[in-house]
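Taking it in order: structure first as structure tokens, then the write-up.
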Amino acid sequence: MNHMFDKKIYLQRRDKLRRKLGDGLVLLPGNREAPMNYPDNAYHFRQDSDFSYFFGIDRPELAGLIDCGGDGDMIFGDEPGIDDVIWTGPQPAVKEQALKCGVRKTFPFASLRGYVARAAAKGGKVHFAPPYRGETKILLEELTGIGASELRDRASLELIRAIVSLREIKESCEIAELDRAALTGYKMHTAAMRLCRPGVYEREIAGALEGIALSEGGLLSFPVICSQHGETLHNHYHGDKLKAGRLLLVDAGCETDTLYASDNTRTLPVSGKFTGRQKDVYNIVLKALADTSALVRPGVTYKEVHFKAAGILTEGLKELGLMKGRVQDAVENGAHALFMPHGLGHMMGMDVHDMEGLGQLHVGYDEAVRPLGQFGAASLRLGKELKAGFVLTNEPGCYFIPALIAKWRKKRINRDFINFDKVEEYLGFGGIRIEDNLLVTKTGSRILGKAIPRTAEEIESRMAE
Ligand code: GLY
Ligand code: MN
Ligand code: MN
């Protein structure tokens with residue numbers, strides 16, 4: 001049986017949800033097995049994060065119901081038969097697992113349909129979150145009569161808001177898990193520093209990192225990014241051989257068996273020493289990370305922090321001759337986005353981009369801070385005011401993306417702020433990103449787990465060991 005928190009935690013979470021919603025039925029389908037290439041050959045099972053948050057049981061083919069009106073909490077799932085025992089081994093009864101999260105009522109899965117139909121016939125609201133897997137869409141279509149393609153739009157906004165307001169503030173038991181995930185993240189990144197040298201293939205390092213995540217008892221929190229083409233933001237190709245003089249961008253994280261994530265990036269010089277030009281750009285990104293991490297505290301918006309990073313990047317690139325003009329004007333016009341076309345960071349928790357499936361607008365923004373349309377800032381996943389208990393990533397970067405540089409040059413985009421001739425000297429440079437995971441405390445923030453070597457000197461000396 002998987003590790004779970006004390007049942008009090010799940011009882012409290014469901015009580016809070018009930019109080020926030022007032023009435024109706026909350027339907028929380030767990031995940032089913034997801035076949036890889038034929039029905040009986042499934043990917044490693046990954047539970048739905050909302051289901052896990054409220055019920056904690058890491059087992060496929062379950063659904064939870066929270067009846068805000070009176071019937072209490074229920075779990076629907078089938079007890080294993082002899083075939084299940086023969087093929088997958090003895091398993092605890094659903095009833096027994098349900099007790100671990102404080103649920104006394106369990107029913108066969110097939111009775112879910114009748115229960116939901118009776119509640120709906122009485123005029124009760126059935127709340128469900130936007131589904132992201134085909135199997136869940138089929139189940140919800142059967143249960144609610146809403147067509148699969150409409151389900152995401154017709155999900156309960158009240159439920160989405162209630163879940164976000166609970167999950168965004170991490171409880172102390174969750175922070176302990178996030179710290180644990182971060183320690184595995186530390187092992188993964190220091191292993192990459194040990195393994196990175198000319199002649200090694202990217203995939204050898206990527207495979208070793210995935211192995212560390214698995215050996216600690218969980219999965220990766222997202223597919224490893226381990227590439228000399230760091231300028232491709234989510235590059236999942238690992239087939240190249242490392243060459244002296246190049247940079248290797250490693251963005252990797254794990255999740256614990258309780259599903260809490262880590263997500264760090266380090267950029268390494270393949271030869272073990274940064275060149276002068278690489279170090280210049282590296283130190284700008286590092287300054288953006290360090291100075292903005294110092295700003296993180298309750299009451300500031302992450303949008304402000306994002307633009308502070310944009311200013312530091314612009315300032316630094318001006319000193320290198322890559323940008324020109326007034327820093328403030330360049331940032332207002334989004335010129336820095338040629339080099340950093342992504343947001344500064346995102347919420348993190350049971351999902352690496354926490355709760356992104358519920359809709360970014362509801363997770364990263366609020367009435368006061370609305371999403372931005374400008375290229376680059378439009379990819380900012382977290383803009384709203386920070387609160388103590390948030391866990392987020394800070395991940396500034398600087399990339400030289402040939403297609404984007406060519407496009408801007410051709411279309412004369414932001415030509416008042418970019419020295420295109422100079423920028424073109426950097427084609428082939430790759431990209432640099434440095435990413436830390438922060439817990440917002442009452443007075444500031446702290447890095448989760450153990451600080452991974454971060455300055456150019458720390459990385460060089462770790463690689464030399
Ligand atoms: N690992 C993906 C990201 O940093 O957002
Ligand atoms: Mn990352
Ligand atoms: Mn990230």
Side-chain angles (χ1 to χ4, degrees), residues 46 49 132 168 170 178 181-182 184-193 202 205-206 209-210 212-213 218-227 229-238 247-256 259-268 285-286 288-289 292-293 296 302 305-306 309 337 339-358 360 363-364 371 376-383 386 390-399 401 430-440 445 447-449 451-454:
R46 173 49 158 93
S49 300
Y132 54 90
E168 70 181 2
K170 270 58 182 181
L178 287 157
T184 302
Y186 177 92
K187 283 191 195 171
M188 291 165 75
H189 282 276
T190 50
M193 290 171 195
E202 294 163 344
I205 301 177
L209 302 191
E210 180 156 2
I212 293 171
L219 297 175
L220 292 171
S221 51
F222 59 94
V224 169
I225 297 166
C226 177
S227 174
H229 283 286
E231 76 279 12
T232 303
L233 302 180
H234 283 175
N235 191 344
H236 293 139
Y237 179 73
H238 311 130
L247 291 168
L248 177 70
L249 188 147
V250 182
D251 183 355
C254 67
E255 56 182 30
T256 58
L259 309 184
Y260 288 86
S262 76
D263 175 14
N264 293 103
T265 309
R266 290 295 183 263
T267 307
L268 314 175
V285 179
L286 183 66
L289 173 68
T292 57
S293 292
V296 170
Y302 214 50
V305 181
H306 168 87
F339 305 98
M340 187 177 121
H342 63 68
L344 187 63
H346 50 85
M347 299 282 245
M348 195 182 76
M350 296 184 98
D351 307 301
V352 62
H353 288 181
D354 210 20
M355 300 176 276
E356 197 160 292
L358 298 177
Q360 202 53 68
V363 180
S379 306
L380 177 60
R381 292 185 156 101
L382 171 62
L386 305 180
F390 278 18
V391 167
L392 48 88
T393 67
N394 187 353
E395 49 183 305
C398 183
Y399 315 89
I401 306 169
I432 291 174
R433 176 162 67 252
I434 318 176
E435 176 175 22
D436 279 343
N437 302 154
L438 303 176
L439 166 70
V440 183
S445 75
I447 286 180
L448 286 165
I452 301 167
R454 183 168 98 159

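The first residue of the sequence shown is numbered 1, and numbering continues consecutively from there. Every number for a ligand or one of its atoms is a count from 1 in the order of the listing. What's counted below: heavy atoms across the whole structure, side chains too, no hydrogens, waters or symmetry copies.
Numbered from 1 in the order shown, with element, the atoms of ligand 1 that lie under 4.0 Å from a heavy atom of Phe222 read 1 (N). Of all atoms in ligand 1, listed by their number and element, those nearer than 4.0 Å to a heavy atom of Glu435 are 4 (O). Which parts of ligand 1 touch Asp251 is read off a 4.0 Å heavy-atom cut-off, strictly below it: atoms 1 (N), 2 (C), 3 (C), 4 (O). Listed by number with element, the atoms of ligand 1 under 4.0 angstrom from any heavy atom of His346 are 3 (C), 4 (O), 5 (O).
Looking only at its N/O/S atoms, Glu435 has OE1 as the one nearest to the Mn ion (ligand 2). Of all N/O/S atoms in Asp251, OD1 sits nearest the Mn ion (ligand 2). Within Asp263, OD2 is the N, O or S atom that lies nearest to the Mn ion (ligand 3). Glu395 has its closest N, O or S atom to the Mn ion (ligand 3) at the position named OE2.
Any N or O atom pair closer than 3.5 Å counts here, and Asp263 shares at least one such pair with ligand 1.
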Legend entry - Test side-chain contact (heavy atoms from CB on, under 4.5 Å) applied to Asp354 and Val391, step by step: CA-CA 9 Å; Asp354 210 20; Val391 167; over 6 Å; no

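Between His342 and Tyr399, a ring centre-to-centre spacing shorter than 6.0 Å is recorded.
Using a 4.0 angstrom heavy-atom cutoff, His234 counts as in contact with ligand 1.
For the 3.5 Å distance criterion, the side chains of His353 and Asp263 fail to qualify, holding no donor opposite an acceptor. Counting only N and O atoms by type, the side chains of Ser49 and Asp351 include a donor and acceptor under 3.5 Å apart.
In terms of heavy-atom proximity, Met350 sits nearest to Arg46 at O-NH2, 2.6 Å.
In terms of modelled atom types and a separation under 3.5 Å, the side chain of Thr267 and the main chain of Arg433 share a donor-acceptor contact. The backbone N or O of Arg381 sits less than 3.5 Å from a side-chain atom of Gln360, completing a donor-acceptor pair. Remark: side-chain polar atoms of His229 are not paired, donor with acceptor, to backbone N or O of Tyr237 under 3.5 angstrom.
Salt-bridge check for Asp436 with Arg454: passed, with a basic side-chain N closer than 4.0 Å to an acidic carboxylate O.
In this structure, the protein non-hydrogen atom closest to atom 4 (O) of ligand 1 is Glu395 OE1, 2.9 Å. Nearest protein neighbour of atom 5 (O) of ligand 1, counting heavy atoms only, is His353 NE2, 2.7 Å.
Using a cut-off of 2.8 Å, one finds that His353 contributes no N/O/S atom close to the Mn ion (ligand 3).
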